[in-house]
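Let me begin by presenting the structure, written as structure tokens, before commenting on it.
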Amino acid sequence: MIRRPPALLTALILTTAATLTLSACGGDDGPAKEGNDKVAGAGAGKKPSPSHSQSAPSASDSPKIELPADLSYTFDWPKTGDEDKDAVLADSEQSIKVS
């Protein structure tokens, strides 16, 4: 026959485990020091990211893509009724056809 521990002992064990678990999560080592938020070695060797204007390839750098002469385009999006939105859709069609 297996003997169960008393309910008070079980509650004490569970409470102690929960307390230890929760106290380990949010510990603070003392008052915060102003201006001492830097981590040693953080950012060392890090190169600055290039700006967007530098990362975009120019047209002369892009490969030439030749499409078949019999290629046709079909755009099935419906007219929205809004002049601005319809103009954007028409511009999108033209940019796809020209590309």
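The model shown is predicted, which means the values in this text are computed figures rather than measured ones.
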Original post:
How many angstroms lie between CD in Gln94 and CG in Leu89, if you round to the nearest 0.5 Å?
Top reply: 12.0 Å

Original post:
Can you check whether Lys79's main-chain N or O pairs, donor with acceptor, with Asp86's side chain at less than 3.5 Å?
Top reply: no

Original post:
Taking atom CD1 of Ile96 and atom CG of Asp91, what is their separation to the nearest 0.5 Å?
Top reply: 11.0 Å

**OP:** Please name all residues satisfying side chain to side chain contact (heavy atoms under 4.5 Å, CB included) with Thr16, sequence neighbours left out, ordered by chain then number.
**Re:** Leu12, Leu20

Original post:
How are the rings of Phe75 and Trp77 set relative to one another: parallel (under 30°), tilted (30 to 60°) or perpendicular (over 60°)?
Top reply: tilted

**OP:** Report the distance from atom CG of Leu14 to atom OG1 of Thr19, rounding to the nearest 0.5 Å.
**Re:** 10.5 Å

